[in-house]
Structures are given as structure tokens and as C-alpha cells.
Amino acid sequence: MPQAVPDLSNLLRQDIRFLGKTLGEVIRDSEGKATFTLIEALRRAAVSFRREHDPQQARILEKDIPKLNDAQARSVARAFAYFLHLSNIAEDRDQNRRREEQDPEKLLGSLQHAIQTLMDQGLSAKKIRRYLQEACVMPVLTAHPTEVQRQSTLAVHMAIADELNGLDHKASAAQSARTQEKLTGLVSLLWQTRMLRDHKLTVLDEIDNALAYYGSTFLPTIPQLYHDLDRLLEPGKKSLLDQKTRALPAFLRMGSWIGGDRDGNPNVGPETVEQAVLRQSTRALQHYLEQIRLLGTEISVSDALNRVSKDLAALSASSQDRSPHRMDEPYRRSFIHLYARMAATAQTLLGRDLADRPTYAAPPYASPQEFKADLQIIADSLAENKGGAIAGLRLNELIQAVEVFGFHLATLDLRQSSDVHERVLDELFRVAGTLYKDEPVNYRQLSEEDRVHLLRSELRHHRPLVSPWYRYSEETEKELSILRKAAECRRRFGARALEQTIVSHTETLSDLLEVLVLQQETGLIVPNSDEPEHQGLMVVPLFETIPDLERGPQIMQEWLDMPEIRQRVRHAQDSVQEVMLGYSDSNKDGGYLTSNWTLYRAEREFAQVFSRRKIRLRLFHGRGGSVGRGGGSSFDAILAQPPGTVNGQIRLTEQGEMIQGRYKDADVGRWHLELFVAATLEASLGARKGAPNDDEHLAAYGEIMAWMSEQAHQSYRELVYGTPNFDQYFFQSTPIKEIAGLNIGSRPSSRKATQSIEDLRAIPWSFSWAQCRLPIPGWYGMGTALHRYLESGLPDDGLNRAKRLAQLQAMARDWAFFRTLLSNMEQVLAKTDLDIGLKYAGLVEDPELRETIFTQIRDEFELTHRLFREITGHELLAHDQALRDALTERFAYIDPLNHLQVELLRRHRRQGQKASQPTRSGVNKQHVIHLTINGIAAGLRNSG
């Protein structure tokens, strides 16, 4: 008799209740009954308010929270924050359950669907394989500071998740009891583990934190994904016994900014670049040594029972292993030799011994390809002698791992602001006494035309501009040292170790040429050399603000039209040029609608510029976790890209809390990587089918979008940059100053030591608004734009309101760009809470300023919400009941943290510097504020 399908939402509710009950018992045992009773009373009031909308329950929170003493406030903050951590674990588990329920045979889901879709459109497996030869799909991990969890707490989270999974498969009542005991112990451990860091992270800490995800997710998962994709693309059935191993091209690879991103981060220098590459390489070589050891243990094939190839026999004969027990086991002998060579490789590259077993002197591998060739000899010998299935146990995935990770693990990007490059070159030209038009060069005073002419002339000269005998300014010395270190790392670890250098704030053509001159001066570019590591780093412009994005296509046209650049792109960069798009700063500069529309138009123009010049465009999307920073579904975002802008070439940043949310669990990580690859394949090879529709939509709706963008831009700029004393409102009504004090990253929260919106980084800008539940970066200006269009429309369009509404409804239904725009905004609107936001507004000292600005924010939200419903025909999250229910549950635990945070901010600011000192009870008020920030961020999940 078939079993009934379980109610997954009910299972989620059971998990949350179980974890909540366990946490409650731990608190009662650890903190005492009085503290437990206090927390439980606040919890009941918050839950009752969210479920029954009883204002009396809200008043309980407003009345009781201000009465808490410092010690009670700390316990309440920790309790609600940890409950949200546990809820997230339960929700992640529920997502895995849902995927398994939809896919009971554990097929490939999105990846299989993408391949099948492409084949149904007439593409052969052979053509898809050929396409992958030139593709590049790369998640790039960054250390942008929005991850507020410590590695210690994340480790306990993973242990709780593992034990929680055991509740689904109870073999007996005794085993179930044991699982519950372990969970109680782990929750108790979590409660007694310090939630926040006492000290600021260093760049080296950030490097190590990112590397933790390789062991749990990337190293095992990515080769498995390749293996499964290979099976999907296998044109015919073959016996596993004699099936040969051939690695797919490394189109899916990992990237990193951590250790090389020095834009606004004074803590990044030549030593962090070197350490990033060294530690990444260490992790890769450790993995290879471990896998070789395991293979040597597992593949015990005897040549007395099966033949081996001549190459394998020769490889086995190279081994210095003399054990009589292995004389008839050529594969084991071969792996012992590979282990010795890999240990020697580690010693050569890293200067340290990574071997954890005795070995002997052997020649190191000169390259990953040489190591892969030895592994291939073993795999081929197995396949030729009915052992292909044996290679499938572990060896095939190791071969693919070497193809993907090499000896460098991940490609490290460099990034610096164009302003810094400009200052460095200004000093170099001045010290060298360079003449231009018979006058000493004052580079910063030159026109753009003269700068370009001078820089191009400098690139044609191979004489040094930098003097080895002169001591330059600290900034110049540091920049030159970083680039020299990058050149050294490329020679040592290969060209794939560092491939790109990103120019922040690219505003002119000279901003790009400057970087080529600096590369030539530091050995990254070696004239007349054909070695890959001497070809230099690809110069990648980052267009961030609205004006920069609008100028971007023209700059790239000029760049690609210079003969020396065109030759460089074609020969040194395989006819690929990357362009990075800044979601965060464009949003902070122009608001949600204008940012998205400007990005969309720029992408289309870039595609046209590149297509006419037969250069492949690779867009690098600088997305964050929050919608205001380009967040939302990566799958939907990739499919919504304009036609011609993906074409198998895409890089995308993974930042802050999104890294741990997506990749701390191997199954969830596999799912996200599959979605990334599947969306890229569909957007690339299936783009021809959708291209005419997008062009039609742009022709039909482009003028409307452009007009609405202007209205939204005007509305947003009037609020943020045109309202007198808006910066005062922002700094007083949000916990921005307290966020700056969190030890969540090595990067300062502001580019300059000022209280200015312009100088504030986009991440703390979005983070702060999310904390006070008024995430205006995700919707402000949209309502005004929609309202003005519906009421007045374009000049002389001859339409009434009903017809304009029908037009917007058609756009939401048929145009992927507009549909995604509304869908992402919907999630942010659902997380907005005006009542909570009003509490934070109460922190503003000037009542008139408070009333003026909050009223504008409230009116814009209500207008946006109302028009969203009118256009889509449904309430917020009506089509995603699971998320709607989850948010309702979460809000009941976020609300008390918001109330507590407002109260603590009020106390903290009233007491000034004294508030940062522990009270008689030993409680630091600022520390408790940081606890509330942690909890709210955990509850919202994508707050940065």
C-alpha cells in the first residue's frame, strides 16, 4: 500500500517547535527559571501579535522591553537570535526535503532539465560539449562584510543540521532518544558559545573562513557535478567496465577576491596576496594528497588477476616502494609514487611538508597537467582492462578536480580604485622627469585626450619608468609591491592563479590604460614573451554609478578599437573581454528601478559593441545578498539577462551571509551550483529562441521604462540627496554606527572618515535599512514611477489609466526583465514593517525632521505596495506560501529584537562613551546591540 506524502510544511513546523523547545530547556537550565519565564512571556506576545494581529500583544513588547536591565537584555537578545539561527537550520532542511520529494530518484533537477530543453531545441550533446570548451561560469567569493556569524557557531550549526537529519530515519526508539540527546547537547553548546567576535577579522582570517567551504562543499561537489553532466551528455550507452575517463573542460571554476581586493581596504597588501595564493594552493594539494592516499588504499587490483597497460607498468616501476605485499599490485605502487611526487610538489611550491605518511625523494610535478597525465594513465589502464567502473569510484572525480582546481584552487582577483592608479602614475611620471609636448608631465592636470596619448606611448616603450634607486610614497611603493607579488605568484603557481585586475570607479578610457602601464612596470606584462604567465592580467572595468554605467559602452568601444588592445584581447585573452557591473553603488546612487534599468540598457549596449567587433563579452555581476544590491534568485536573474549578454561567459560575486547560506551544506551548495550552470546554459544556447521576444518587448515597453526610470530616479534622489539633513536622519534612525563597530570584516564601512551618505559604502547602507525594517534600497521610487505613469503617462500617448494599467500588467506577465524586477521587489516589500520603522524614527532628535522624512518613506511604501497589488493582481508572496509562512514565523522572533535594539540604541546614545564600558553587572550595552544586529540579520537572512 503506497505511503501518504508527508505535509512538508508541517514537518518544518515540527522541527522548529522541537528546536525551540530544546533551546527553552537549555535556557531554563543555564539561566534559571526567572529568565526563562521572562523570555517566554515576550515570545508568546510576539507570536500572538503576528498570528492574531492583536495590538494588545504589541503593547506588551513596548511596555516590558524598556524595563529590562542590562543582564536581562543580553539574555533576551541571545535567546531570540539563537532561535532564529535554529529556525534557519530547520528551513534549510525543509528545502532539502522538498527537493527530494520533487525528485525522489535524486536526478539532476535543474541541470537535467536544462540539457533536455536544449536537446529538444535540436542541440546535440556534441555541440553542447564543444560549447563548454570556451565557456566560463565562475562564482567569486568575496569578504564583503555582511556575514555576522562566527566560524565557531557555524560549525555547531552544521552539526545540529546533521543530527536533525537523523530524525527522519528513526530505526528505533532508542536511536531516536539518542539523537534528541545529541541535539540537546549541541544546542547547549551553541548557547554557551560566544556569538560575536571580540576582535576584528584580519584579511588572513577571511581567507581561512572562505577556505573552510572548499573541504565541505566545493572540492567534493564540483567534480561530482561535472561527472553527472558528463553522463547527461554521453551520446550512447557504454559498459562501465571499459568506459574511459575524459575530464570535461574546466568551464565551472571558483574565483576569489579575498586577499586581493584592496579598494578601500588598507589591510590588503603584497603579503595578503601571497598568503591568499599560498593558502589556496595548500588546500588544493592537501586534497590531492588525501585522495591519492585513499586511492592507494582502495585500488588493490592484482596483475596476477588482470592485465595492465604498458604505461601503467612503467609508472608502477618508477615507484620506490619495496614492500613484498604490494609487488603484484601495480596500481597501489603507482599511487605511492604519485604521493611522493605530490609531496615533493608541495615542498617546492609552498616550502613546507604536507605529507602525513612516510615518503621518498621524487621529482615534483612541474604543472597540474603533468599530474593529471599520471592519473590518466591509471584510469586508461583500468578502462582497457575492464576496470572502468573502478575508476568511477574516486579516480574520475580526482582527474576532474585537477582540471578544475589545478595547483591554485581558485583564481584570485586584484581590485583597486582608479583614483589610486592615477596618483601612482602621477608620481612615477614626475620622478622620472617624463616629458610630454616638451613639458614635464603633471599627469593629474592633463586632459583625457592627452592622458590616453601619453599612456599609449608609454606602452610602446620598453624602457623602465620605475627607478630602483628612488624611494616613492607609501601608497606608490605598496601598489608596485602588490603587482610585483602578483607577477611572482603567476610565475610560481601558473597564469590561472591570478587572471583579472578590476578597476573600481572606471570613468574614462585612461583608467584602463593606466593599469596596463603599471603591469608593464612590475613584470606582470613581459614584452615579447609568449609565456602565458607573462601576458599580464585582464584589465576589467567596474562601472558602478548611474553615470558610469551610461558611459560604459562608449568607453569599451574606444578600448576595443585601439589596435594594440584589440591584438592583446585576441591573443592574450582568447578574444574575451570582461566587464564588471556594480549593483550596489548604482542602487545607492540612483535607486532600485533606475539601477536595474540602467544595468539592463548598459548590458544590451555592451553586447552590441562586442558583437560588432567579434569579441566575446563576459559580464561580471557584482551582486550582493539583498535585492537592493542585486540579490534575489541567481537562476531567474541569469535567465532575465538581455539576449547576447551571457553566451557561456559569466562571473558572479557571492558575498557575506550568502556564502554560508548557499555553501555551508554540500547538498544545498550542489543545488545552487547546478542552478548557476543550468541557467547559464539555457540563457546562452537557448537565447536565440527568446531573443526576438526581448527585442519586441524593448521596442514596445522601452520608452515606458525609460520614462518611469527618470521619475523613480528623481523621487529617490530628492529623498536621499535632496532632503535637507537626510544624512542626520539616517545616522540617527539606523544602527549604522553600531554596524561599523561589528567585527565582521577587515574592510572599513566608509571610504572616508566622514558622516556622509556619499562616502558610505553600499553594503552598510543596505544593511542599516534592513535592520530597521525599512529596506528602501529595494523599492523606494518605484511606487512614484508607477503612479505617475498610470495617472499621466507618456506625453500624447492617448491612453487612459485602464489601458496603461493593462500595459503594465502585460509587461509583468510577458517580459522577464520587468517580471523579475517586480518579483525581487515583492520579497523586500514583504520584509518591510512601517510600525517597526517608526520606532527607529523615534531615535531622531529633531521631531520635524523625523516627521518629514518618515512620512515620505511611509507614503512611498504604501503607494508601491498598493500599485504592486493592482499590477500583479495578488497580495505579497501569495504565490509563495512557504516563504510567506516562514516569514510570518520569523517576524515573531525578529520583532522583539527590533524593539530591544531601539531601546538599547536610545540608552547607548544617551550615555555616550560610557555605554561602551561594562556596567556593574558586567554587561557591555554596545555588545548587546551587536547581538540584536546578529539576530535580526540571521532572521532576515539576506540583509546585506
Side-chain angles (χ1 to χ4, degrees), residues 92 96 108 110-111 132 135-144 147 151 154-155 157-158 161-162 206-230 247-260 276-291 294 368 372 394 396-413 493-494 496-499 623 634 650-680:
D92 289 342
N96 286 336
L108 292 182
S110 59
L111 190 56
L132 294 176
C136 175
V137 180
M138 186 180 290
V140 181
L141 306 186
T142 80
H144 282 25
E147 170 52 61
Q151 283 295 317
L154 289 175
H157 288 182
M158 286 188 267
D162 289 342
E206 292 171 336
I207 294 168
D208 290 340
N209 287 347
L211 288 176
Y213 295 97
Y214 281 85
S216 62
T217 299
F218 298 125
L219 281 166
T221 295
I222 290 179
Q224 291 169 6
L225 191 152
Y226 272 93
H227 171 72
D228 292 331
L229 178 59
D230 185 54
L248 282 170
F251 69 94
L252 171 63
R253 297 187 283 127
M254 295 302 299
S256 175
W257 275 16
I258 309 171
V277 178
L278 280 172
R279 295 183 188 204
Q280 288 178 182
S281 179
T282 300
R283 189 66 194 84
L285 300 189
Q286 284 174 333
H287 178 71
Y288 298 153
L289 284 167
E290 173 66 9
Q291 294 303 302
L294 291 170
K372 181 186 166 190
R394 185 185 299 273
N396 291 350
E397 290 182 3
L398 177 57
I399 292 173
Q400 187 68 64
V402 177
E403 179 74 13
V404 171
F405 299 108
F407 290 164
H408 65 288
L409 189 72
T411 297
L412 179 69
D413 288 0
F493 294 93
R496 279 173 53 187
L498 294 100
E499 293 182 327
R623 290 160 52 93
S634 297
I650 188 168
R651 297 210 302 156
L652 186 149
T653 54
E654 297 280 23
Q655 304 181 5
E657 80 280 5
M658 301 311 294
I659 297 176
Q660 69 94 5
R662 288 175 175 170
Y663 300 118
K664 71 180 178 185
D665 178 89
D667 290 336
V668 176
R670 163 63 185 257
W671 181 64
H672 280 288
L673 290 168
E674 271 190 34
L675 286 173
F676 196 1
V677 173
T680 303

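Positions are given from 1, in the same order as the sequence printed here.
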Trainee: Is a side-chain N or O of T680 found less than 3.5 angstrom from the main chain of F676, in a donor-acceptor match?
Mentor: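 It does hold such a pair.
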
Trainee: Shortest non-hydrogen contact from A276 to I258?
Mentor: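 What the structure gives for the nearest pair is CB-O, 3.5 Å.
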
Trainee: Please report the interatomic distance CG(D667) to CG(D92), rounded to the nearest 0.5 Å.
Mentor: 11.0 Å

Trainee: Could you tell me if the side chain of W257 sits less than 4.5 Å from the side chain of L412, heavy atoms only?
Mentor: no

Trainee: State the CG-CD distance between L289 and Q291, to the nearest 0.5 angstrom.
Mentor: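 One finds 10.5 Å between CG of L289 and CD of Q291.
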
Trainee: Return the CG to OG1 distance between D413 and T411, rounded to the nearest 0.5 Å.
Mentor: 7.5 Å

Trainee: Search all heavy atoms of P249 against all heavy atoms of E403 and return the closest pair with its distance.
Mentor: CA-OE2, 4.3 Å

Trainee: Looking at CG of L211 and CD of Q286, how far apart are the two atoms once the value is rounded to the nearest 0.5 Å?
Mentor: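 Between atom CG of L211 and atom CD of Q286 there are 9.5 Å.
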
Trainee: Any side-chain heavy atom of V140 sitting closer than 4.5 Å to one from L652?
Mentor: no

Trainee: Apply the test salt bridge (charged side-chain N to carboxylate O under 4.0 Å, His left out) to residues R651 and E499: give CA-CA distance (whole Å), side-chain angles for both, the deciding distance (0.1 Å), then the verdict.
Mentor: CA-CA 13 Å; R651 297 210 302 156; E499 293 182 327; over 6 Å; no

Trainee: Rounded at 0.5 Å granularity, tell me how far CG in D230 sits from CG in L225.
Mentor: 11.5 Å

Trainee: Side-chain contact test, heavy atoms from C-beta onward, threshold under 4.5 Å: evaluate it for M254 versus L409 and give yes or no.
Mentor: no

Trainee: Which is it for F218 and Y213 under the ring pair (Phe, Tyr, Trp, His ring centres under 6.0 Å) test, yes or no, and what are the steps along the way?
Mentor: CA-CA 7 Å; F218 298 125; Y213 295 97; 7.0 Å; no

Trainee: Answer yes or no: is there a side-chain heavy-atom contact under 4.5 Å between E674 and S110?
Mentor: yes

Trainee: Testing the basics here: between A410 and Q280, what is the closest heavy-atom pair and its distance to 0.1 Å?
Mentor: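 Closest approach of A410 to Q280, heavy atoms only: O-NE2, 2.9 Å.
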
Trainee: Between G255 and M138, what is the shortest heavy-atom contact and its length?
Mentor: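 Smallest interatomic distance, heavy atoms only, reads N-CG, 3.6 Å.
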
Trainee: Could you state the interatomic distance from CZ (F405) to CG (L219), rounded to the nearest 0.5 Å?
Mentor: 4.5 Å

Trainee: Which of these, T221, D228, T217, sits in a side chain to side chain donor-acceptor pair (under 3.5 Å) with R670?
Mentor: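 It is D228; the other options fail the test.
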
Trainee: Shortest non-hydrogen contact from R394 to L294?
Mentor: NH1-CD1, 3.3 Å

Trainee: Contact between L675 and L111 at the side-chain level, heavy atoms closer than 4.5 Å - yes or no?
Mentor: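 No, every pair of side-chain atoms sits at 4.5 Å or beyond.
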
Trainee: Look only at the side chain of Y663 and the backbone of L673, and say whether a donor-acceptor pair between them is shorter than 3.5 Å.
Mentor: no

Trainee: Report yes if the distance between the aromatic ring centroids of F251 and Y226 is under 6.0 Å, otherwise no.
Mentor: yes

Trainee: Are the side chain of T142 and the backbone of Q655 linked by a donor-acceptor contact shorter than 3.5 Å?
Mentor: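 Answer holds: no.
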
Trainee: Mind checking whether V404 and L252 have side chains closer than 4.5 Å, heavy atoms only?
Mentor: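 No, every pair of side-chain atoms sits at 4.5 Å or beyond.
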
Trainee: Could you report the tightest heavy-atom contact between E397 and P223, atom names first, then the distance?
Mentor: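 Nearest pair, atom of E397 first, then P223: O-CB, 3.5 Å.
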
Trainee: Determine whether a donor-acceptor pair (N or O, by modelled atom type, separation under 3.5 Å) exists between the side chain of Q400 and the backbone of L248.
Mentor: yes

